[in-house]
Structures are given as structure tokens and as C-alpha cells.
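Note sheet for the following structure.
Predicted model only: the values in this text are computed from it and were never measured.
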Amino acid sequence: MARARVLIWAVCALRLALATVYFQEEFLDGGLQTTQNGRFYAISARFKPFSNKGKTLVIQYTVKHEQKMDCGGGYIKIFPADLDQKNLNGKSQYYIMFGPDICGFDIKKVHVILHFKNQYHSNKKSIRCKVDGFTHLYALVLRPDLSYEVQVDGQAIESGSIEYDWNLTSFRKMEESAAESKDWNQAKDAKAQDWEQHFLDASASQPSDWNSELDGDWQASLLQKPPYQDGLKPEGIDKDIWLHQKMKNTNYLTQYDLSEFENIGAIGLELWQVRSGTIFDNFLITDDEEYAENFAKATWGETKGPEREMDAVQAKEEVKKAREEDEELLAGKFHMRESHFNRYYRRDEL
């Protein structure tokens, strides 16, 4: 729990680092807001590095596209501790990229990109994001058993296996193949060394009373090779008499850490927006799912209701204002017609 609080404080530094801080007076909520159209944004906050090895990792924050986003990112990135903050850009290495991305009618998705084996891997599932102008809560949960969950507004909208939903089974096969090849070479070397001293007795045959179920597979005994003399080697010995059996390796899983990051040390925004106005808030990184849930209730949970109430009031005011403007416009047109009629009426009297 202490770790979660430390990370929240670290993210407060991220909030203070941005020039423009947005406040809603009705319920005194604040956040980071993009303020200029058609530009890249790059800002980050560092915290004490940690590893999530063997632990759950929860990444959570809120985002509000107040400008009714047409094209731009609303995602965050988790970086290693050696991030060069002054030169943060699109090429800066990150561990995780998570959050909504909207552009036109085609792209309305939640990115979940993981860094593994020096490559970035995207979730192969299409996870749709929210596209309205309200504040939404986004959370990503990565667990040690390689399961994951994407949550929006406290509800799981996607879940599954990190291995399969990121198309990483090929890496498992490569790990297995490499491990088997290593074991095979080691076994082959041992056999080769042993072969220099012994060979199978080709004249031997399985005893008639041999019981394979009780005694196991029968194998001919090994005979001692005669020593080499005058540079001559024994003849008639088939070095390939024994067959290769595929070796099973049980250690590759410990090397297959798809959801573990050793040196997590920074969080930040690195994104492009055509139209500005997005508000980011309530950043949280923790290893406690329950704590994340309670934190969400204490922040986004307390403000979502007043926000929608305020939006409804503003909508009514906008409708009222538009109606009044229409009435003034109609009244103005009527007054112009009446003046025009009176002018011509007086001319006729003359």
C-alpha cells in the first residue's frame, strides 16, 4: 500500500510540471490539460524505481476529451528509470503504452502495447474506447500468471492471456526450440565423449524373460573399445547407432517474463493532438487491485455524477441561449419588415 501512495505523490509532480492546470470550480477537481492545437506533447515524472516481478501491476488514470476529440491520443506511457526526460520523444523506449486513441471514423481504440525482447507488441484484439466528452477511468491490470484485464469506468471490457492476445506464442516456440537445441548439443557432446570409450554390443539380443513393463526398455550392454594403436581407430563401429530423443526443457518459462519489468521509474505523456483540450488526472501505479479500486471510487467515483449534472445544466443553458438568439433574430427581421412597410405606407399617403 505504501508503494501506491509514493507513486501517487510522484505523479503530483507530473501535474505541477505542466504549465496549464485545469480546474472545475463546481467540484474543485484539477488535472493536466493540453492547450495548443496541432502539436506534440511530452511530459514525464520520475519516481523511485521498482520491479513488478512476481507481482500484479495496475496502471490507472482518468482522461476527458472536453474538446470532443477528432484526432489525437489520450494514452500514457510507463518508462524505465533511465529515461532521458529532457529529450522525451516518440523514440524514447517505454515499457507500456496504454490508453485511448481517436482519429476520424476508423480509429477509436484502446492501445495496450508491451515491450518485450527489444520489440513493441500490440494486443491483437480490437478494444474500443469512449468517444464522448465525459471523464472516463482507464485501468490496465497485468498479473504474474500472464492474465490481463482492461477496465473502463470500473468495468472489465477485455481480458485474457498476455501470451496469446499479444501473438507471443512464437516467442515461446523460439525459447523452447533454443532450449531443446542447447540440451541436445549438451547430450550429444556427452554421448560423443562416452562413445570414444564404449560401443554397443551388436551381437547381444534381448533375453526371453525380459519384461519391459517391469524392467524398462532393454538396451544392449556397452563394450570397452580397444585402445588406439599407431594412429589407427577401431573399424566397423556405427557412431549413429543411438537415436536422438527430443529433450524437454522446463527452464524456459523462467526466461519468458512477458509481464515483468525490472526497472520501472517514470510515467508520462508523449502524444499528438490535432485539437487540444484533453484533461488527464488521477494517475496511479500500484500492485494492489483493491487499493486501485478504492482510489478510483474516491476520485473519479466522486466526480462523475456532478460532472454529468453540470453537463446537463450547461446543455439546457446552451439550448436556452440558442432559442433566445433565434427569437432576437426573428424579432429583428420582423422589425425591419415593419419599418420597411411603414416607410412605403407613408410615401403612399403623400
Practice task
Name all residues meeting the ring pair (Phe, Tyr, Trp, His ring centres under 6.0 Å) criterion together with F79; count only those two or more places apart in sequence or in a different chain, and write none if there are none.
Solution key: none
Fill in the blank from the handout: Residues passing the ring pair (Phe, Tyr, Trp, His ring centres under 6.0 Å) test with F98, sequence neighbours excluded, are none
Practice task
Test salt bridge (charged side-chain N to carboxylate O under 4.0 Å, His left out) on E289 and R143 and set out the steps.
Solution key: CA-CA 10 Å; E289 293 186 58; R143 303 187 180 94; 3.1 Å; yes
Exercise for the section: Would you please name every residue forming a side-chain hydrogen bond (donor to acceptor under 3.5 Å, both in side chains) with Y148, sequence neighbours left out? Expected result: N123, D165
Which pairs would a plain distance check flag for residues 150-160, meaning a side-chain donor or acceptor within less than 3.5 Å of a matching protein atom at least two apart in sequence or in another chain?
residue : atom : partner : partner atom : Å
Q151    : NE2  : E149    : OE2          : 2.7
D153    : OD1  : H136    : ND1          : 3.3
D153    : OD1  : L137    : N            : 2.9
D153    : OD2  : H136    : ND1          : 2.8
E158    : OE2  : K125    : NZ           : 3.0

Practice task
Please write out which residues are connected to V141 in a hydrophobic cluster, directly or through intermediates, given that two of Ile, Leu, Val, Met, Phe, Trp, Tyr count as joined at side-chain heavy-atom separations below 4.5 angstrom.
Solution key: V58
Handout entry: Partner set under ring pair (Phe, Tyr, Trp, His ring centres under 6.0 Å) for H115, not counting sequence neighbours
Key = Y120
Exercise for the section: Supply the members, apart from F105, of the Ile/Leu/Val/Met/Phe/Trp/Tyr cluster built from side-chain contacts under 4.5 Å; use none for a lone residue. Expected result: none
Completion exercise
Besides M69, the hydrophobic cluster formed by Ile, Leu, Val, Met, Phe, Trp and Tyr side chains linked at under 4.5 Å, directly or via other members, contains I102, V131
Handout entry: disulfide (SG to SG under 2.5 Å) contacts touching residues 66-114 (sequence neighbours left out)
Key = C71-C103
Problem - Partner set under salt bridge (Lys or Arg N to Asp or Glu O under 4.0 Å) for D70, not counting sequence neighbours - result: R275
Problem - side-chain hydrogen bond (donor to acceptor under 3.5 Å, both in side chains): pairs with one or both residues in residues 265-274, sequence neighbours excluded - result: T34-Q273, K77-E270, Q273-T278
Problem - Y61 OH to L140 CG distance, which is reported to the nearest 0.5 Å - result: 10.0 Å
Handout entry: disulfide (SG to SG under 2.5 Å): pairs with one or both residues in residues 133-162, sequence neighbours excluded
Key = none
